[in-house]
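Before any comments, here is the structure.
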Amino acid sequence: MLRFVFALSLSAAFLTQPALAATDEADRARIQLLEDQVVVLKEEVRRLRLMTSEMQTRLNQVNIILHDLQKPQVVEVKEEPDECTTRIADLTQKKDMLMSMGLKESHPDIVNISNVLEKLSSECTTKSR
């Protein structure tokens, strides 16, 4: 009887061996798949970091440009009538550009340009008479 139990347990061990091998193989395949996904994700993170760095550089450049544009400007009034109309057109274009960037009528640069435009327009009108 002891021999029978021993034989039965040995046969059970051999029968479960292929099932364990199949499970191990499936686990290895899953592990390999996960490792491959980790490699892909690491590469994506590197790519996103590089893209973020490039975007930060561009943002810094835009901030420098905006900072330069927001400095108050000293505007000279030209005395010649031909230059007068050219100057009005240039100032109007600059005002429009600043407003398209989101500056409001109350912004100091816009107020300054508007005041100069009014003064320049009246001087041009006076000189042309």
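Nothing here was measured: the structure is a model prediction, and the numbers come from that model.
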Decide whether Leu103 and Val62 are clustered together by the hydrophobic rule: side chain heavy atoms of Ile, Leu, Val, Met, Phe, Trp, Tyr closer than 4.5 Å, transitively. yes

When rounded to the nearest 0.5 angstrom, what distance separates CZ in Arg30 from CD in Glu25? 11.0 Å

Separation of Asp24 CG from Ile31 CD1 (nearest 0.5 Å): 9.5 Å

Can you tell me if Glu44 has over 12 outside heavy atoms packed within less than 6.0 Å of its CD? yes

Which value, rounded to the nearest 0.5 Å, describes the distance between His107 atom NE2 and Asn112 atom CG? 11.0 Å

Out of curiosity, Asp109 CG to Lys104 NZ, how far, rounded to the nearest 0.5 Å? 15.0 Å

Hey, could you give me the CG/NE2 distance between Asn60 and His67, rounded to the nearest 0.5 Å? 13.5 Å

Please enumerate all residues that pass salt bridge (charged side-chain N to carboxylate O under 4.0 Å, His left out) together with Asp36, with sequence neighbours excluded. none

Does the Ser114 side chain pair with the main chain of Ile110, one donor and one acceptor, at a distance under 3.5 Å? yes

Which value, rounded to the nearest 0.5 Å, describes the distance between Asp27 atom CG and Gln32 atom CD? 13.0 Å

Less than 4.5 Å apart, side chain to side chain, heavy atoms only: is that true for Lys119 and Val116? no

Evaluate the side-chain proximity of Val39 to Glu35: yes if any heavy-atom separation is below 4.5 Å, no if none is. no

Linked, directly or transitively: Met101 and Val111 (ILVMFWY side chains, under 4.5 Å): no

For Ile88 and Leu117, the nearest pair of non-hydrogen atoms, with its separation, is O-CD2, 3.7 Å

Starting from the C-alpha separation in whole Å, work towards a yes-or-no answer on side chain to side chain contact (heavy atoms under 4.5 Å, CB included) for Lys95 and Leu91. CA-CA 6 Å; Lys95 180 181 175 183; Leu91 286 171; over 6 Å; no

